[in-house]
Amino acid sequence: MHNIVLFGPPGAGKGTQSQKLIAKYHLVHLSTGDLLRAQIAEGTDLGLQAKKLMDEGFLVPDAVVIGMIGSALEKNKQAAGFIFDGFPRTVAQAESLDRLLAEHNTSVACMVALEVGEQELVKRLLERGKTSGRPDDQDEAKISRRVQVYNTETAQVAGYYASQQKFYSLNGIGEIESIFAQISDLIDQHKPAETAAAAATREVKA
Ligand code: B4P
């Protein structure tokens with residue numbers, strides 16, 4: 001499996017780039033933000049709990065998002081790989097992801113971080129807020145809190161992957177296509193080696 005983590009502060013372009021990457025690499029997109037918003041739309045208990053935290057710009061408890069990712073991995077055992085978007089956001093989530101992927105005999109190939117300064121993040125999210133309907137995109141104080149939460153709780157996840165030599169950082173300001181090309185280069189450089197079993201199957205088929 002080819003597993004990529006897209007990382008960066010809120011509004012850095014993770015969701016935007018994920019859409020392009022899934023079209024190119026045919027990987028399964030796992031956005032914890034999208035999964036949580038689906039729970040809110042369905043009106044589940046979990047969604048109601050998460051909504052209060054998300055609307056104010058706080059993180060949802062680790063156990064909730066780790067549980068969602070665990071079920072999604074179970075449901076997609078045949079996937080060629082995953083793009084994790086907005087997950088992991090804490091070191092505890094990163095450790096759980098490693099554990100869950102190991103249970104499926106796979107691991108993270110690389111983490112790509114998009115670097116964008118706070119002023120640009122606020123501008124982008126307020127702009128998106130005009131059409132997204134998301135309460136967390138419509139209020140500058142809430143956006144600033146999300147950036148602050150990123151700086152205090154999430155930024156250290158970069159160090160977790162750096163210690164495994166899997167961390168890569170790109171400038172997230174610029175043309176969407178140019179950023180996409182740079183992410184694609186990194187992904188191509190980190191294709192997992194084909195397993196002996198997969199190679200044998202391919203040879204038999206040929
Ligand atoms: P998310 O849904 O992950 O949302 P995000 O951080 O706002 O978005 P993203 O960076 O993907 O932005 P996008 O590409 O769309 O999280 C929402 C909330 O869910 C969190 O605050 C938290 O409460 C909760 N949550 C989610 N995951 C969690 C976890 N693991 N643990 C705990 N809680 C969790 O880009 C934004 C805008 O910028 C778009 O309008 C786009 O058009 C624009 N843009 C993108 N690239 C651009 C570029 N290069 N130039 C100009 N504009 C660009």
Side-chain angles (χ1 to χ4, degrees), residues 4-22 29-41 46-73 82-97 100 108 111-157 160 170-183:
I4 313 298
V5 176
L6 265 192
F7 190 69
K14 304 180 296 285
T16 304
Q17 295 295 338
S18 291
Q19 291 309 319
K20 300 178 71 63
L21 291 169
I22 52 177
H29 179 214
L30 288 183
S31 156
T32 37
D34 288 351
L35 291 171
L36 289 165
R37 283 185 286 277
Q39 294 282 332
I40 293 172
L46 190 158
L48 288 175
Q49 263 182 19
K51 182 171 169 37
K52 287 187 203 134
L53 293 163
M54 291 170 75
D55 284 357
E56 294 304 318
F58 294 110
L59 293 183
V60 171
D62 285 341
V64 172
V65 282
I66 292 166
M68 289 191 321
I69 290 288
S71 325
L73 293 179
F82 296 91
I83 294 192
F84 296 98
D85 161 6
F87 179 91
R89 260 177 159 99
T90 63
V91 171
Q93 292 180 18
E95 289 168 348
S96 295
L97 179 60
L100 287 168
V108 169
M111 165 188 264
V112 183
L114 299 172
E115 308 286 351
V116 178
E118 181 163 352
Q119 218 183 342
E120 171 73 11
L121 297 173
V122 172
K123 195 176 100 189
R124 286 184 190 180
L125 293 177
L126 284 175
E127 189 57 37
R128 183 172 71 182
K130 291 179 189 167
T131 53
S132 70
R134 283 173 54 173
D136 59 342
D137 282 349
Q138 290 169 357
D139 176 326
E140 195 162 339
K142 288 178 185 173
I143 294 174
S144 291
R145 180 176 297 138
R146 289 162 66 192
V147 175
Q148 197 189 334
V149 167
Y150 172 81
N151 289 331
T152 53
E153 298 181 48
T154 303
Q156 52 193 304
V157 176
Y160 179 86
L170 295 176
N171 183 358
I173 297 186
E175 291 293 324
I176 288 170
E177 284 302 330
S178 145
I179 296 166
F180 175 59
Q182 294 172 62
I183 301 175

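Please read these numbers as outputs of a predicted model, since none were measured by experiment. Every number for a ligand or one of its atoms is a count from 1 in the order of the listing. As a basis for the values below, the full set of heavy atoms in this structure was taken, side chains included, without hydrogen atoms, waters or symmetry mates. All residue numbers refer to positions in the sequence shown, counting from 1.
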- Interfacing atoms of ligand 1 (cut-off 4.0 Å, heavy-atom, G86):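 In order of numbering, the contacting atoms are 27 (N), 28 (C), 29 (C), 30 (N).
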- Query: Just by modelled atom types, is the T152 backbone N or O under 3.5 Å from a matching donor or acceptor in the Q156 side chain?
  - Reply: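 A pair under 3.5 Å: yes.
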- A12 and ligand 1 - part of the residue with a heavy-atom distance under 4.0 Å: backbone
- Any idea which atoms of ligand 1 are less than 4.0 Å away from a heavy-atom of G172?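 Close to G172: 49 (N).
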- Query: So which bit of V60 gets within less than 4.0 Å of ligand 1, heavy atoms only: side chain, backbone, both or neither?
  - Reply: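 It is both backbone and side chain that touch ligand 1.
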- Task: Taking the side chain as every heavy atom from C-beta outward, state whether V116 and R124 have any pair of such atoms under 4.5 Å apart.
- Result: yes
- Task: Identify the protein heavy atom lying closest to atom 5 (P) of ligand 1, giving its residue, its atom name and the separation to 0.1 Å.
- Result: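 That would be R146 NH2, 3.7 Å.
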- Tell me which protein heavy atom sits closest to atom 8 (O) of ligand 1, plus the residue, atom name and distance to 0.1 Å.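 For atom 8 (O) of ligand 1, the nearest protein heavy atom is G11 N, 3.8 Å.
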- So, do V65 and T90 sit near enough that their side-chain heavy atoms are less than 4.5 Å apart?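 V65 vs T90: side chains apart.
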- Message: Among all the protein's non-hydrogen atoms, which is closest to atom 11 (O) of ligand 1, and how far away is it?
- Response: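 In this structure, atom 11 (O) of ligand 1 has G15 N, 2.8 Å as its nearest protein heavy atom.
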- Item | Nearest protein heavy atom with distance in Å, relative to atom 29 (C) of ligand 1 |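 Result for atom 29 (C) of ligand 1: R89 CD, 3.4 Å.
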- Specify side chain, backbone, both or neither for L36, according to which of its non-hydrogen atoms lie closer than 4.0 Å to ligand 1. side chain
- Could you go through the salt bridge (Lys or Arg N to Asp or Glu O under 4.0 Å) check for R128 and D136 one step at a time? CA-CA 10 Å; R128 183 172 71 182; D136 59 342; 5.9 Å; no
- Query: So is there a nitrogen or oxygen of G57 less than 3.5 Å from a nitrogen or oxygen in ligand 1?
  - Reply: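 In this structure, G57 places no N or O atom under 3.5 Å from an N or O of ligand 1.
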- Task: Check whether any side-chain heavy atom of N151 sits under 4.5 Å from a side-chain heavy atom of Q148, and report yes or no.
- Result: no
- Atom indices of ligand 1, in the order listed, that fall short of 4.0 Å to a heavy atom of F58: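 What qualifies from ligand 1 is 22 (C), 23 (O).
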- Counting distance only, does the side-chain N/O of S178 pair as donor-acceptor with the main-chain N or O of G174 below 3.5 Å? no
- Message: Using a strict threshold of under 4.0 Å (side-chain N to carboxylate O), is an ion pair present between E153 and R89?
- Response: no
- Message: Quick one, I183 and I4 - any side-chain contact, counting heavy atoms below 4.5 Å?
- Response: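 The answer is no; the side chains never approach within 4.5 Å.
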- Message: Is any side-chain heavy atom of R134 closer than 4.5 Å to one of R37?
- Response: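 Side chain of R37 against side chain of R134, heavy atoms only: contact under 4.5 Å found.
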- Query: What atoms of ligand 1 come within less than 4.0 Å of a heavy atom belonging to Q93?
  - Reply: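 With Q93 as reference, the close atoms of ligand 1 come out as 29 (C), 30 (N), 31 (N), 32 (C).
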- Query: Can you tell me which residue and heavy atom of the protein come closest to atom 48 (C) of ligand 1, and the distance to 0.1 Å?
  - Reply: R124 NH2, 3.3 Å
- Query: For ligand 1, which atoms, with element, lie under 4.0 Å from some heavy atom of F87?
  - Reply: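 By the 4.0 Å cutoff, the relevant atoms are 30 (N).
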- Do any nitrogen or oxygen atoms of R128 lie less than 3.5 angstrom from nitrogen or oxygen atoms of ligand 1? yes
- Task: Please answer whether the main-chain N or O of G86 pairs with a side-chain N or O of T32 as donor and acceptor at a distance below 3.5 Å.
- Result: yes
- Tell me, with the steps shown, if D85 and L30 meet side-chain contact (heavy atoms from CB on, under 4.5 Å). CA-CA 6 Å; D85 161 6; L30 288 183; over 6 Å; no
- Nearest protein heavy atom with distance in Å, relative to atom 10 (O) of ligand 1: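 The protein heavy atom lying closest is K14 NZ, 2.9 Å.
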- Query: Would you find a donor on one side and an acceptor on the other, under 3.5 Å apart, between the side chain of K14 and the backbone of G8?
  - Reply: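 Looks like yes, one N/O pair under 3.5 Å.
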- Query: For ligand 1, which atoms sit closer than 4.0 Å to a heavy atom of P9?
  - Reply: 10 (O)
- How about E115 and L170: do any of their side-chain heavy atoms sit closer than 4.5 Å? no
- Item | Contacting atoms of ligand 1, where contact means under 4.0 angstrom from a heavy atom of T16 | 13 (P), 14 (O), 15 (O), 35 (O), 41 (C), 45 (C)
- Query: Nearest protein heavy atom to atom 27 (N) of ligand 1, by residue and atom, and its distance?
  - Reply: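 Checked against all protein heavy atoms, atom 27 (N) of ligand 1 sits closest to T32 OG1, 2.7 Å.
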- Does G174 reach ligand 1, in the sense of a heavy atom lying below 4.0 Å from it?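 G174: in contact with ligand 1 (<4.0 Å).
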- Minimum-distance protein heavy atom relative to atom 19 (O) of ligand 1: M54 CE, 3.2 Å
- Message: Quick check on contacts: which atoms of ligand 1 are under 4.0 angstrom from a heavy atom of I179?
- Response: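 Answer for ligand 1: 49 (N).
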- Would you kindly specify which portion of R134 sits under 4.0 Å from ligand 1, judged on non-hydrogen atoms: side chain, backbone, both or neither? side chain
- Task: For residues 57-73, pull every pair meeting salt bridge (Lys or Arg N to Asp or Glu O under 4.0 Å), keeping only residues two or more places apart or in separate chains.
- Result: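 As it turns out, there is no salt bridge (Lys or Arg N to Asp or Glu O under 4.0 Å) pair with a partner in residues 57-73 once direct neighbours are skipped.
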- Contact partition for R37 relative to ligand 1, non-hydrogen atoms under 4.0 Å: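 The part of R37 near ligand 1 is the side chain, not the backbone.
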